[in-house]
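Note sheet for the following structure.
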Amino acid sequence: MDRRIDLPVAVDINDARKEDRERETDLRILSLLSQTFPNVQAASTEIINLEAIQNLPKGTEHFVADLHGENEAFSHILRNASGNIRRKVTEIFGTSLREQDIRNLCTLIYYPESKLEYTKADEDNMDDFYSVTLHQLILVLQSVSSKYTRSRVRKALPKEYAYIIEELLHESPTDYDKDAYFRRIIETIISTGQADNFIIALCNVIQRLSIDQLHILGDIFDRGPGAHLIMDTLCAYERFDIQWGNHDALWMGAAAGNDACIANVLRLSLRYGNMATLEDGYGINLVPLATFALETYGDDPCEGFGPHIMDGEHAPDEKSLQLWAKMHKAISIIQFKLEGQTIDRRPEWKMEDRRLLHLIDKEKGVINLNGKEYELKDTNFPTVSAESPYELTPEEASLVEKLHHSFMVSDKLNRHVQCLLSHGCMYAIYNSNLLFHASMPLNEDGSLKEVELNGTGYKGRELMHRIGMMMRAAFNDDTDPELRKFAIDYYWYLWCGKDSPLFDKSKMATFERYFIKDISTHTEEKGNYYKLRNDEKIIDGILDAFGVEGEHRHIINGHVPVRAAKGESPMRANGKLLVIDGGFSKAYHSTTGIAGYTLVYHSRGLELVQHEPFESAEKAVKEGTDILGSKQIVELSAKRLRVRDTDKGHELQGQIDELKDLLHAFRHGLVKERHLSR
């Protein structure tokens, strides 16, 4: 706070009263602050502490997007900090260790338990290995912990080894007087049989401290088999945030009880043969769906509904494939019916063009769209009546009720969604970077588009905020019942609505892709954001509208895979827009030619890391392989960034200013000091 407590001479009675009110408010705030810092000494000590923190190097931020259930690849990215650990190890040992030794040390840090087992099978002198390795790991930990206060590092240490690790971190073996002390600690760790556990503890701390803040730019769910495992990891992670993606919103909608979202979740899982997340992860009972599908589509080959099995993945037997295809078609038809009901219930969303079942002519084998007939691939619709095409049959209604119940009683799904809500939002701003998953609704001229939400128009930052509040309303018991119903329905609109910032296309052509032969009907025209996002002026306009300041400011997105194999660049709009969806999911590898991007923002600048496909953790341990491809410097700072240069630094400076005001108040008797008795 810049203003002082002393009241200046007033020249106007209204100004004087305003000054009085401001002074009273300031004094109340400072009195509250004095509860934590009761005297000059306490306030001064905290100012010294905060000023010291301000001069530490900026912590490393880690940006990832579109994980799509690829748990092993995500786990590896966290373990190697997108190459940040390899960079540190090379800086320390680049001139003293061979390349193979550096690789082995890095692999040990990533996978300590597994690497130790392999080492024991090959190493003749484990005591010598332990001694050398412990010294090396301490040096690496000293390097990665140098950005943090002792208090922060102490909190990251395992309790059983915290004291010993602290001693080793802050004593140098090169100091002659401390050499024997340091060596004796290492020797005792080995002689007491604690070397393995101690190495594992050190490696885990190095991993944790190599990433200061983890940013997930959406789409944790669908396609890959391990979304629930990714969520387990995140829910136990210390410092992370999520900008929700369209696939996250779909699962959140399913957890909120939106039956159209539930049907979409099931359809996508069946399309990619991903039963593990549903059954093993969340305990969703698929037996009723399988039974219904066999009874209803038993004689239907359901061509075009077989799962997409990626190369190298374990393919189920033919009987299972046929069952999945029938389940896939069954839930797809139910989805189209439920979506038709939602569209009828919410005419304000103007999605009537997505109600297509009533346009089918089964006898002619065509569908009539905009006055033109298109041939259908499949005309077997045993549950779709000509009179009421969007009405569920009694058997379908019973099935939907059972599936709904299964999602509602999944404790683990509920916990994961609560984690998404507590750590997530539609957008975020960190250190001059605006983060959102997919799009920003724009008009043709690039101006922010006003979008109606429950009867009121919003745009830009206010739109994103209001959508986030609406999403939360679906899970709040004290929400007005009608508003809550709307909020639950709205999750489906976020998934596929034309003006949804998580979709922003003319339509989601699911029905067309499944049933219409003419591929021209499959086209989904992208919104204006995707058409205009290469224009630096457009990106600057969005950044201005969100109040993002700074000489080096960016928008960071995921959602649309960058086709690196075709020469596409993740950097657009003269480097002000970074699109970091490089295709973590195996389903995208053939499209992108790579296996994802991550963005690393450390004290020396902004680095884009391109990853190669990840085969397995076992191969990484055995062969020391990594998934790092190439690195690209996005921006390099002329000077090393400090905490004071970050948003956190600005927050700390505000605390310092308030504490200085408190000192002023103590010294002028405006707030009384308290000396605590011992």
Side-chain angles (χ1 to χ4, degrees), residues 250-251 253-254 256-271 284 286 288-298 300 302 304-305 324-363 365-369 374 376-408 485-486 488-497 503 507-516 521:
L250 185 65
W251 278 78
N258 184 311
D259 289 333
C261 289
I262 289 173
N264 271 280
V265 163
L266 293 167
R267 178 183 62 80
L268 284 168
S269 297
L270 286 159
R271 183 181 182 187
I284 304 301
L286 298 180
L289 175 57
T291 303
F292 171 82
L294 286 172
E295 291 174 351
T296 309
Y297 297 93
D300 188 337
C302 296
F305 287 91
W324 288 0
K326 297 180 195 307
M327 294 167 68
H328 187 180
K329 183 174 181 180
I331 199 63
S332 297
I333 299 300
I334 290 172
Q335 173 192 314
F336 299 138
K337 289 186 175 186
L338 293 170
E339 289 177 341
Q341 294 173 17
T342 303
I343 293 166
D344 188 54
R345 190 165 60 247
R346 304 294 178 190
E348 67 271 26
W349 292 347
K350 300 175 183 178
M351 294 182 68
E352 182 61 31
D353 64 322
R354 294 294 83 211
R355 283 165 50 93
L356 302 176
L357 295 180
H358 67 287
L359 302 176
I360 294 171
D361 187 330
K362 286 192 277 189
E363 291 185 4
V366 299
I367 185 169
N368 193 314
L369 298 179
Y374 293 91
L376 294 171
K377 302 176 188 178
D378 183 346
T379 58
N380 184 33
F381 301 101
T383 67
V384 179
S385 71
E387 298 77 20
S388 304
Y390 302 100
E391 183 179 341
L392 297 173
T393 66
E395 294 78 13
E396 286 175 324
S398 175
L399 171 61
V400 168
E401 186 177 342
K402 291 172 183 175
L403 292 171
H404 180 100
H405 175 75
S406 195
F407 274 81
M408 292 300 96
K485 287 178 184 177
F486 178 89
I488 293 171
D489 277 353
Y490 193 68
Y491 272 102
W492 177 76
Y493 183 85
L494 284 172
W495 166 245
C496 61
F503 183 63
K507 64 182 180 183
M508 184 173 285
T510 307
F511 181 91
E512 290 89 334
R513 286 193 298 270
Y514 281 142
F515 289 106
I516 301 179
T521 64

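Note that this is a predicted model, so its numbers are computed, not measured.
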How many angstroms lie between atom [atom1] of [X] and atom [atom2] of [Y], to the nearest 0.5 angstrom?
X	Y	atom1	atom2	result
L392	S398	CG	OG	11.0 Å
C496	W349	SG	CH2	9.0 Å
I516	L376	CD1	CG	6.5 Å
E295	L399	CD	CG	10.5 Å
T296	E395	OG1	CD	7.0 Å
F503	L494	CZ	CG	12.0 Å

Residues 256-266, side-chain donor-acceptor partners within the protein, below 3.5 Å, at least two apart:
unit_1, atom_1, unit_2, atom_2, d
N258, OD1, A260, N, 3.0
N258, OD1, C261, N, 3.0
N258, ND2, I488, O, 2.7
D259, OD1, H404, ND1, 2.7
N264, OD1, R267, NH2, 3.2
N264, OD1, Q335, NE2, 3.2
N264, OD1, W495, NE1, 3.3
N264, ND2, A260, O, 2.9
N264, ND2, E339, OE2, 3.1

Are more than 12 heavy atoms, taken from residues, nucleotides or ligands other than [X], located less than 6.0 Å from that residue's [atom1] atom?
X	atom1	result
H358	NE2	yes
K362	NZ	yes
E352	CD	yes

Exercise for review: Measure the shortest side-chain to side-chain distance between I334 and L403 over non-hydrogen atoms and say whether it is less than 4.5 angstrom.
Suggested key: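 The answer is no, as the side chains (C-beta and beyond) never meet within the 4.5 Å cut-off.
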**Study point:** Partner residues of D489 under the side chain to side chain donor-acceptor pair (under 3.5 Å) criterion, sequence neighbours left out
**Key:**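 D489: side chain to side chain donor-acceptor pair (under 3.5 Å) contacts with R345, R346.
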Point to revise | Any donor-acceptor N/O pair, K377 side chain to R513 backbone, under 3.5 Å | key: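 A pair under 3.5 Å: yes.
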Check your understanding: When you measure from the side chain of K326 to the backbone N and O of D300, does any donor-acceptor pair fall under 3.5 Å?
Key ->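 Side chain of K326 to backbone of D300: a pair is present.
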Point to revise | Minimum heavy-atom distance Y390-L356, with the two atoms named | key: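 So the two residues come closest at OH-N, 3.1 Å.
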Review point. So, for K329 and D378, which heavy atoms are closest and what is the spacing to 0.1 Å?
Key: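 Here K329 and D378 meet closest at NZ-OD2, 2.7 Å.
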Review point. Between I343 and R354, is a side chain to side chain contact (heavy atoms under 4.5 Å, CB included) present by the stated rule, with each step listed?
Key: CA-CA 8 Å; I343 293 166; R354 294 294 83 211; 3.6 Å; yes
Review point. Can Y297 and H328 be counted as having a side-chain donor-acceptor contact under 3.5 angstrom?
Key: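 Per modelled atom types, Y297 and H328 side chains form no pair under 3.5 Å.
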Practice item. For residues F305 and Y514, establish whether the separation of their ring centroids is below 6.0 Å. Key: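 Distance test on ring centres: under 6.0 Å, yes.
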Sequence neighbours left out, cut at 3.5 Å: what donor-acceptor pairs do the side chains of residues 381-389 make with other protein atoms?
unit_1, atom_1, unit_2, atom_2, d
T383, OG1, E396, OE2, 2.9
S385, OG, S388, N, 3.0
S385, OG, S388, O, 3.1

Check your understanding: In terms of ring plane angle, is the pair F515 and F511 parallel, tilted or perpendicular, where the classes change at 30° and 60°?
Key ->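 Tilted.
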